[in-house]
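Everything on this sheet refers to the single structure shown next.
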Amino acid sequence: MNPIVLEGMTVRYGDRLALDNVSLAVPEGSVYALLGRNGSGKSSLVRCLLGGQKPEAGRVLILDRDAWTERASALAQVGVVPEEPDAPPTMNARQLSRFCSRLYPAWDAAGMEARLKRFGISATTPFGQLSKGQKGQVSLALALAPAPRLLVLDDPTLGLDAVARKAVFGELIGELADRGITVFITTHDLAGIEPIADRVGVLRAGRLVLDEEMEALKGRFRRVSFPRAQAAGVSRLEALAPLAVAARGWEVEAVVSNYDEESFTASRLGKAEDPEVTALTLEEIFIALTGEVEEGNR
C-alpha cells in the first residue's frame with residue numbers, strides 16, 4: 001500500500017488554476033520531498049492531502065482512505081507539522097501533550113519530553129512565549145508522539161537557524177531508522193533534505209513537472225563546461241537534453257538533464273580533452289528546472 005496517492009487532482013480559485021491534474025504516489029517507508037517556488041501550488045496540495053480542502057477534480061487517498069470523506073479515520077495515524085504552528089498561547093508543551101494524548105490510541109509523553117530536551121525547549125514555557133522556530137519544534141514533537149505511520153511536514157525548518165534545522169533533520173533521520181515511518185515534506189531547505197529524501201517531486205505553476213527517485217534524478221543531471229572556442233559543441237549535446245546554456249568568462253556551461261557516459265563519449269565534444277563534467281546538487285537541479293532559487297534557500 002502507498003500511504004499517499006493523488007489521482008488527477010485539480011484545484012481552482014475562481015479563474016486561477018492552482019493545481020492541474022496532479023498524480024503521484026508515495027511509497028511506504030520513504031521520504032518524499034515536494035519542492036516548488038512560492039505560488040507553485042504546494043500549500044493547496046497539502047490542504048487537500050490533509051482533508052482540509054476538496055479538490056475540484058480527482059481524489060486523494062491517505063493510508064488507503066479518502067482524505068475528504070474519511071478525514072477523521074485517515075488522520076488518526078498521521079502526524080502533521082503545519083507551516084504556521086498554532087496552539088493556545090497560554091498552554092505549555094506538557095499541557096499540549098496531555099490534551100493531544102486524548103485524541104490518539106497511543107501516546108509517548110516521555111518520548112515527547114525527551115525530544116523537547118534535545119531541542120533545548122522547556123516543557124513548561126507557554127507556547128506564546130516561544131520563538132517561531134521553537135513552536136515548529138514543539139509541533140514536530142507533538143506530531144511524533146503518537147507513533148504515526150505517516151508524517152506530513154509543511155516547511156518544518158522555516159524560520160529556524162542552522163543549528164535548529166540540523167536538529168529537526170537529525171530527529172527525522174532517527175525516527176526513520178527506528179520506525180521506518182513514511183514522510184511527506186515540503187521544504188525550502190534543499191540542502192537539508194537532499195541527504196534523506198528518497199523521491200522528489202517538483203511543482204511549477206500547478207503542474208507536477210518532475211516525480212522521480214533521488215538517485216535517478218541526480219544520476220541524469222550534469223554540468224558540462226568547455227572553452228568558448230568550442231561553443232559550437234553545444235549542438236553535439238542535443239541527445240543529453242540541455243536545459244540551460246550560459247557563457248561564464250572563458251567557458252561555456254551547459255546543464256543537461258539526460259546525461260549518460262555512453263552518449264557523452266559518443267559525441268564529438270565528449271571525445272575532446274577540454275570538457276569538464278560535474279554532478280549537480282538538488283538545489284542546482286531545482287534552479288535548472290524552475291529558473292531560480294526559492295526565497296529563503298540561500
Side-chain angles (χ1 to χ4, degrees), residues 16-24 31-43 45 155 157-158 185-298:
R16 185 172 74 85
L17 186 61
L19 290 171
D20 186 6
N21 194 33
V22 174
S23 297
L24 62 84
V31 177
Y32 189 105
L34 182 70
L35 312 177
R37 293 171 57 185
N38 293 333
S40 63
K42 298 191 305 295
S43 295
L45 189 148
D155 221 346
T157 59
L158 188 66
I185 179 171
T186 72
T187 182
H188 289 75
D189 190 352
L190 306 190
I193 197 62
E194 182 174 346
I196 64 174
D198 299 301
R199 195 170 184 89
V200 176
V202 174
L203 281 173
R204 185 172 62 199
R207 291 178 176 269
L208 190 68
V209 297
L210 182 142
D211 178 21
E212 191 170 351
E213 291 184 359
M214 177 74 81
E215 185 176 347
L217 175 64
K218 295 190 70 175
R220 68 182 178 87
F221 275 82
R222 289 291 187 276
R223 177 181 289 106
V224 180
S225 305
F226 46 91
R228 276 199 178 195
Q230 297 181 16
V234 172
S235 62
R236 301 169 194 157
L237 297 175
E238 185 175 351
L240 306 183
L243 290 180
V245 179
R248 303 185 187 281
W250 294 100
E251 284 191 328
V252 174
E253 292 184 352
V255 174
V256 299
S257 61
N258 193 30
Y259 180 85
D260 71 80
E261 292 282 354
E262 185 177 347
S263 297
F264 182 66
T265 302
S267 71
R268 287 175 58 197
L269 186 61
K271 293 176 182 177
E273 295 181 0
D274 293 315
E276 179 183 355
V277 180
T278 54
L280 300 181
T281 65
L282 179 60
E283 179 179 316
E284 290 170 327
I285 293 171
F286 178 83
I287 295 171
L289 287 169
T290 65
E292 65 179 64
V293 68
E294 289 184 278
E295 181 182 351
N297 188 31
R298 301 289 187 213

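A quick note: this is a predicted structure, and the numbers were derived from the prediction, not measured. Any value given below was found using the heavy atoms of this structure, including those in side chains, with hydrogens, waters and symmetry copies removed.
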(message) Between R204 (side chain only) and S40 (backbone N and O only), is there a donor and an acceptor less than 3.5 Å apart?
(response) no
(message) With a 4.5 Å cut-off on side-chain heavy atoms, are I193 and T157 touching?
(response) no
(message) Please report the interatomic distance NZ(K42) to OG1(T187), rounded to the nearest 0.5 Å.
(response) 9.5 Å
(message) Return the CZ to CD distance between F226 and E251, rounded to the nearest 0.5 Å.
(response) 9.5 Å
(message) Please give me the minimum heavy-atom distance between V245 and A254, naming the atom from each residue.
(response) CG2-CB, 4.1 Å
(request) Could you tell me the separation between the CG atom of L240 and the CZ atom of R222, rounded to the nearest 0.5 Å? (result) 11.0 Å
(request) Identify the two heavy atoms, one from G201 and one from Y32, that lie closest to each other, and give their separation to 0.1 Å. (result) CA-OH, 3.3 Å
(message) Using a strict threshold of under 4.0 Å (side-chain N to carboxylate O), is an ion pair present between D260 and R220?
(response) no
(request) Considering non-hydrogen atoms only, spot the tightest contact between H188 and N38 and give its length. (result) NE2-OD1, 3.3 Å
(request) Check whether any side-chain heavy atom of M214 lies under 4.5 Å from a side-chain heavy atom of L282, and answer yes or no. (result) yes
(request) Could you grab the distance from atom CG of L210 to atom OG1 of T290, nearest 0.5 Å is fine? (result) 11.0 Å
(message) I'd like to know if the side chain of S225 reaches the main chain of E253, judged simply by a donor and an acceptor atom lying under 3.5 Å from each other, with no hydrogens or angles considered.
(response) no
(request) With rounding to the nearest 0.5 Å, note down the distance linking CG in L19 to CZ in R207. (result) 11.5 Å
(message) Could you tell me if the side chain of L203 sits less than 4.5 Å from the side chain of V22, heavy atoms only?
(response) yes
(message) For E213, I'd like to know if atom CD has over 12 heavy atoms of other residues, nucleotides or ligands within 6.0 Å.
(response) no
(request) Compare all side-chain heavy atoms of F221 with those of L289 and state whether any distance is below 4.5 angstrom. (result) yes
(message) Going by side chain to side chain contact (heavy atoms under 4.5 Å, CB included), name the residues that satisfy it together with S23, two or more places apart in sequence or in a different chain.
(response) none
(request) State, yes or no, whether a side-chain contact exists between F286 and V200 at a heavy-atom distance under 4.5 Å. (result) no
(message) Nearest 0.5 angstrom please: L217 CG to I285 CD1, how far?
(response) 4.0 Å
(message) Looking at S257 and L243, would you say the former's side chain and the latter's main chain have a donor-acceptor pair under 3.5 Å?
(response) no
